[in-house]
Amino acid sequence: MAGPLALVDCNNFYVSCERVFQPELRGRPVVVLSNNDGCVIARSNESKALGIAMGVPWHLHRDRFAADGVIVRSSNYTLYGDMSSRVMSVLSRFTPDLEIYSIDEAFLGLQGFGNRLESHARALRAAVLQWTGIPVSVGIAPTKTLAKVANRIAKKDEKHGGAVLLLDEAVQSAALAGLELIDLWGVAGRLAARLAAIGIDTPLDLKHGDPRLIRERLGVVTMRLALELRGVPCLGLEREIPDRKSIMASRSFGRPVTTLSELREAVASYTARAAEKLRRQHLATAHLMVFVETNRFKPDEPQHHAARTVHLPVATSDSGKLIGAALAGLASIGRIGYRYKKAGVVLLDLHPASAIQEGLFDKADNPRRITLMRTVDRLNLRFGRDTVSFAAAGLRRPWKLRREFLSPCYTTAWDELLRV
DNA sequence: TCTGGGGTCCTAGGACCC
DNA sequence: TCTGGGGTCCTAGGACCC
């Protein structure tokens, strides 16, 4: 069933969108800034070559950007959303098997294309460029994780002409040999550190690691990642767009907010915006969370981060009701005397709007947690340096627990016991 | 000398992605 | 003066219920 997959990823997407309508930006260093012109969220290749990192705050680098002739644009999400739809629409002409993964990426199922994969990839790139003006890179491999690797190589090295195929095992390993763990999809700093702690230092180590051991130590998500590196598909193509599980509307304030009335205004307008999204997706919500935050980049100022969840007796998408609930939540957490930097609302526990009348949202069929308990006569604990074992009447055999799986409060107790 | 075995809801936070 | 705005999944623990 599973055939090769392509990951199609738009190059420097936001910058490319700006360039479609301002061709004079081509060949020049360009960055796009986040809301409030806070930090850099997209860079052209020329900007990357200047050493501009993702996410850097603009105000700290403004002078340097100016000196380097960097062109700066505020973001325009309406434009990017529209361009994204055009790109996806072109891609859908090439295969019905399409997963829109993000605003600028899609996975394509390419079963049945046989040995025409490479020419197909090139035709696809050319079509997207011609019809939308957006350059894309294509990575083709048997699994999503390897397709990500292929795409990364296609993007980094121009000699491949924007398309890379990783179809046989030796080629895949050669590609992985040039990467570090944090270059992999799903690996960031923390996981890389935990992998290193069990002797997995490179993508090839992970590929050849013992899946059972990895699962035991690091969980099922990491085991899937290891298998995907071997070419075993663990992540399927998701053709249907699933309903959202939460909807958020939040903003950082341009300057600190110190009065409750300003906070109320902001929260009311974010709630209205979230409610619009909710209705557009034909959903209703039964919980709403409102939160406020002070400026975390100013640790010397008094900090206050607070959130309150408000339960709605009947799921709704009515802006008025939601704003009322959000303001009630805000009243119980907002405090005078703090300089607030950010606020927002999150709508949770979403249901199809059509289910409201029938009350179908009310009852969840699946238990949220399964508890196992056993009363035992007496516990016999043996503490070792790295493991503790339990023997008890009521347990068929002793349980052994490794230290790294204990939460810190227990390991402290463990240390105490070892000292005795 | 002795008092079960589950369940739900809520809050909070970690870790990752784009 | 100035550091984004969304999402996902997972884990853990407390309060409370029957």
Side-chain angles (χ1 to χ4, degrees), chain A residues 7 9-10 12-14 32-42 53-63 74-75 77 80-81 84 100-106 144-145 148 182 184-194 218-222 224-225 235 238 241-256 270 273-274 277 286-287 289 291 293-299 305-311 329 333 339 341-350 362-378 394 405-410:
Chain A
L7 173 62
D9 190 327
C10 301
N12 314 326
F13 184 54
Y14 296 170
V32 173
L33 301 178
S34 63
N35 269 331
N36 291 332
D37 292 342
C39 51
V40 171
I41 54 170
M54 188 69 169
V56 296
W58 182 43
H59 75 270
L60 292 181
H61 298 269
R62 184 185 300 196
D63 295 342
S74 299
S75 43
Y77 294 102
Y80 309 150
S84 175
I100 297 174
Y101 177 70
S102 74
I103 193 167
D104 68 338
E105 285 171 80
K144 283 184 163 180
T145 306
K148 275 270 184 186
I182 54 166
L184 297 174
W185 190 38
V187 182
R190 308 296 173 100
L191 181 56
R194 294 178 67 200
L218 298 166
V220 68
V221 176
T222 310
R224 282 194 203 119
L225 174 60
L235 307 169
E238 292 178 24
I241 298 175
D243 281 345
R244 285 267 166 274
K245 303 201 167 167
S246 65
I247 289 173
M248 168 153 57
S250 69
R251 280 288 177 279
S252 294
F253 304 125
R255 56 194 69 238
Y270 303 161
R273 204 143 37 79
K277 292 192 198 179
H287 281 92
M289 184 177 83
F291 67 89
E293 291 175 13
T294 47
N295 191 340
R296 65 197 161 98
F297 294 104
K298 295 195 170 169
H305 294 202
R308 177 75 75 240
T309 301
V310 183
H311 175 68
I333 55 172
R339 295 160 60 80
K341 190 64 178 59
K342 185 174 181 179
V345 296
V346 185
L347 308 182
L348 304 152
D349 197 5
L350 308 180
D362 211 325
K363 199 68 193 165
D365 289 333
N366 297 318
R368 304 243 172 134
R369 185 171 72 189
I370 292 172
T371 311
L372 282 172
M373 290 189 190
R374 180 76 50 208
T375 304
V376 294
D377 294 345
R378 205 170 83 223
F405 294 119
L406 281 188
S407 70
C409 56
Y410 294 122

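Predicted model only: the values in this text are computed from it and were never measured. Below, chain A is the first sequence line, B the second, and so on; all start at residue 1.
Put simply, CG on A/Asp63 is 15 Å from P on C/dT1, counting in whole angstrom units. One atom, CZ of A/Arg251, and another, C1' of C/dT3, lie 15 Å apart when rounded to the nearest Å. With rounding to whole Å, A/Leu348 atom CG is found 14 Å from C/dG6 atom P. For the pair A/Asn36 CG and C/dG5 P, the computed distance is 6 Å after rounding to whole Å. One interatomic measurement links the two molecules: CZ of A/Arg224 to C1' of C/dT8, which rounds to 13 Å at whole-angstrom precision. When rounded to the nearest whole Å, the span between CD1 of A/Ile100 and P of B/dC18 equals 16 Å. Following rounding to the nearest Å, A/Tyr101 (OH) and C/dG6 (P) show an atom-to-atom distance of 18 Å. For the pair A/Leu184 CG and B/dA15 C1', the interatomic distance rounds to 16 Å; values are reported in whole Å.
The nucleotide whose nearest atom lies closest to any side-chain atom of A/Cys39 is, among C/dG6, C/dT3, C/dG5, C/dT3. Of the listed nucleotides (B/dC16, C/dT8, C/dT3), C/dT3 has the atom at the smallest distance from the side chain of A/His59. Among the nucleotides B/dC16, C/dC2, C/dG6, the one closest to any side-chain atom of A/Leu191 is B/dC16. Distance from the side chain of A/Trp185 is smallest for B/dC18 among the nucleotides B/dC16, B/dC18, C/dG4. Listed candidates were B/dC16, C/dC9, C/dC2. Nearest to the side chain of A/Lys245 is C/dC9.
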query = In dot-bracket, 5' to 3', how would DNA chain B read with Watson-Crick or G-U wobble pairs under 3.5 Å, [ ] for crossing ones and | for pairs to another strand?
reply = ....||||||||||||||
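By the side chain to side chain donor-acceptor pair (under 3.5 Å) test, A/Lys148 pairs with A/Glu105, sequence neighbours left out.
Using a distance-only test at 3.5 Å, with no hydrogens or angles considered, no donor-acceptor pair links the side chain of A/Lys245 to the main chain of A/Leu348.
Using C1' as the reference atom, B/dG4 and C/dC17 are 14 Å apart when rounded to the nearest Å.
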Tabulate protein N/O versus nucleotide N/O from nucleotides 11-13 of chain B, keeping only pairs under 3.5 Å, one per line.
from: B/dT11; atom 1: OP2; to: A/Thr309; atom 2: OG1; distance (Å): 2.8

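Note that the CE atom of A/Met289 and the CG atom of A/Leu347 stand 10.0 Å from one another [nearest 0.5 Å]. Taking CG of A/Asp104 as the reference point, atom CG of A/Asn12 lies at 9.5 Å (rounded to 0.5 Å).
Proximity of A/Trp58 to the phosphate of C/dG4: no side-chain N or O atom is located under 4.0 Å from OP1 or OP2.
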